[in-house]
Asker: 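Before I ask anything, let me first share the structure, which is written out below as structure tokens.
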There are 2 protein chains.
Amino acid sequence: MQDKTYSISDLAAEFGVTTRTIRFYEEKGLVHPQREGQKRLYTPADRVRIKLILRGKRIGMSLQESVEVIDLYDPEHNNEEQLHSLISTVTEKRQRLLQQKKDIDEMLAGLDEVQALCEQSLKDSHGK
Amino acid sequence: MQDKTYSISDLAAEFGVTTRTIRFYEEKGLVHPQREGQKRLYTPADRVRIKLILRGKRIGMSLQESVEVIDLYDPEHNNEEQLHSLISTVTEKRQRLLQQKKDIDEMLAGLDEVQALCEQSLKDSHGK
DNA sequence: AATTACGTTTACGTTAACGTTAACTTGGTC
DNA sequence: GACCAAGTTAACGTTAACGTAAACGTAATT
């Protein structure tokens, strides 16, 4: 059980963003680091949270939507109704993700074609 | 060989965007419809182009990057050097897409967990 | 002739996600 | 004690991707 902490520039360096970005996330209520005097101290949990936010960004999610997805994990769902609405949220998210995978696969197929044409063209001009 | 054309609202309706969006794309040089008097006329090729732009959007690409990807198809690559740089561009794009698929799969796995927990919880409370 | 539907241009407004100074504090180091 | 690196707050600036409103044209309908 280590209670390692990170400075803001630690995390900025690790994730390839600026410190401004991380402070901005706090400003928007996405993370809540502790303070040691003035300075922000990030726990491993904070770190993971930021990591997941950035993962969301990579696939085109807004910061808000990333947080929404992340917060699906914490159990603030007590009654049956909430559980059902949670499940339907999960189902919606999943649909979008599956569509995105389709889109990506189509685009990958396109790239494969382009590359094949390129290589063929190089081969031909070689034997000219 | 049909030379079907589409009005701007045809395409807007089909793709679930506003006409403003489509005009905006033209303003940015992403599409170049013909004119019949004042009115814009979109060819099937234009239509596909817009469709591909929106596909790019769905996976978080900027409009510019979508166009960049689309334009990989048209053969303005004559010499060997250009072909090589084209291939390396393709390779880069592919890397990003593969990373995105990873991200999506991770997120999907997370959603599966959440759903499983939900269903378990519902099952438990049923037998309470 | 008036309304309705669809189209046009021009231009200012908006939101998200930071970037970019500026001005200041704080803890070590030479 | 001067200096430097790393931190802080506060505030204005920027870009992308449209939204929104005004003011107008055109063709078909009533």
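The chains referred to below are lettered A, B, ... by the order of the sequence lines, with proteins before strands, and numbering in each begins at 1. All values below were derived from every heavy atom in this structure, side-chain atoms included, with hydrogens, water molecules and symmetry-related copies excluded.
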Asker: Roughly how many Å is it from CD in B/E36 to C1' in C/dT8, rounded to a whole number?
Answerer: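 Between C1' of C/dT8 and CD of B/E36: 14 Å.
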Asker: Answer with base, sugar-phosphate or nothing: what part of the nucleic acid does B/R23 contact at a heavy-atom distance below 4.0 Å?
Answerer: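 B/R23: base contact, heavy atoms under 4.0 Å.
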Asker: Roughly how many Å is it from CZ in B/R20 to P in C/dG13, rounded to a whole number?
Answerer: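 For the pair B/R20 CZ and C/dG13 P, the rounded distance is 14 Å.
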Asker: Side-chain donor or acceptor of A/R40 under 3.5 Å from a matching atom on the base of D/dT8?
Answerer: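 Counting by modelled atom types and ignoring angles, no donor-acceptor contact under 3.5 Å is found here.
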Asker: Using a heavy-atom cut-off of under 4.0 Å over every strand shown, decide if B/K57 touches base, sugar-phosphate, or nothing.
Answerer: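 It contacts sugar-phosphate atoms only.
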Asker: Does A/T19 reach a base, just sugar-phosphate, or nothing at all? Heavy atoms under 4.0 Å.
Answerer: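 No contact.
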Asker: What is the distance, to the nearest angstrom, from the CD1 atom on A/I8 to the P atom on C/dT25?
Answerer: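 The answer, rounded to whole Å, is 20 Å.
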Asker: Take the protein atom CE of A/M61 and the nucleotide atom C1' of C/dT15, then report the distance between them rounded to whole Å.
Answerer: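 About 19 Å, once rounded to whole Å.
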Asker: Whole angstrom is fine here: how far is it from CZ in B/F24 over to C1' in C/dT14?
Answerer: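 Rounded to the whole Å, the gap is 13 Å.
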Asker: Whole angstrom is fine here: how far is it from CZ in B/R35 over to P in D/dT26?
Answerer: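 About 14 Å, once rounded to whole Å.
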Asker: Between C1' on C/dA16 and CD on A/E65, what's the gap in Å once rounded to a whole number?
Answerer: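 Taking atom C1' of C/dA16 as the reference, CD of A/E65 is at 14 Å.
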Asker: Less than 4.0 Å between a side-chain N and a carboxylate O, is that true for B/D103 and A/R58?
Answerer: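 Looking at B/D103 together with A/R58, the answer is yes, because their closest N to O distance falls below 4.0 Å.
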Asker: Return no unless some side-chain N or O of A/S7 is found under 4.0 Å from OP1 or OP2 of D/dG7.
Answerer: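 Checking A/S7 against D/dG7: at least one side-chain N or O falls below 4.0 Å of OP1 or OP2.
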Asker: Do A/T21 and A/T18 get their side chains close enough for a donor-acceptor pair, meaning under 3.5 Å?
Answerer: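 Indeed, the side chains of A/T21 and A/T18 share at least one donor-acceptor pair under 3.5 Å.
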Asker: So if I take every side-chain heavy atom of A/Q38 and compare against D/dC18, D/dA6, D/dT8, which nucleotide ends up nearest?
Answerer: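 Looking only at heavy atoms from C-beta outward on A/Q38, the closest nucleotide is D/dT8.
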Asker: If only side-chain N and O atoms count, and only distance matters, is there a donor-acceptor pair under 3.5 Å linking B/T43 with B/D46?
Answerer: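 The answer is yes; a qualifying pair exists.
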Asker: Regarding B/Q115 and B/E119, is there a side-chain donor-to-acceptor distance under 3.5 Å anywhere?
Answerer: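 A donor-acceptor contact under 3.5 Å links the two side chains.
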Asker: Please check the phosphate of D/dC18 (OP1 and OP2 only) for any side-chain N or O of B/Y25 closer than 4.0 Å.
Answerer: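 Yes, such a contact exists.
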Asker: Which part of the nucleic acid does A/T18 contact within heavy-atom distance under 4.0 Å: base, sugar-phosphate only, or nothing?
Answerer: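 Answer is sugar-phosphate: A/T18 comes under 4.0 Å of backbone atoms only.
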Asker: Distance check needed: C/dG19 C1' versus A/I22 CD1, whole Å only.
Answerer: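 It is 15 Å, rounded to the nearest whole Å.
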Asker: Side chain of B/L63 only, heavy atoms from C-beta on: which candidate in C/dG7, D/dC18, C/dA17 is closest?
Answerer: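 It is D/dC18.
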Asker: I'd like to know if B/E26 pairs up with B/R20 as an ion pair, taking the criterion as any Lys NZ or Arg NE/NH1/NH2 lying under 4.0 Å from an Asp or Glu carboxylate oxygen.
Answerer: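 The answer is no: the pair does not qualify as a salt bridge.
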Asker: Which nucleotide in the list C/dG19, C/dT9, C/dA17 gets nearest to the side chain of A/S62?
Answerer: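 Between C/dG19, C/dT9, C/dA17, the one nearest the side chain of A/S62 would be C/dA17.
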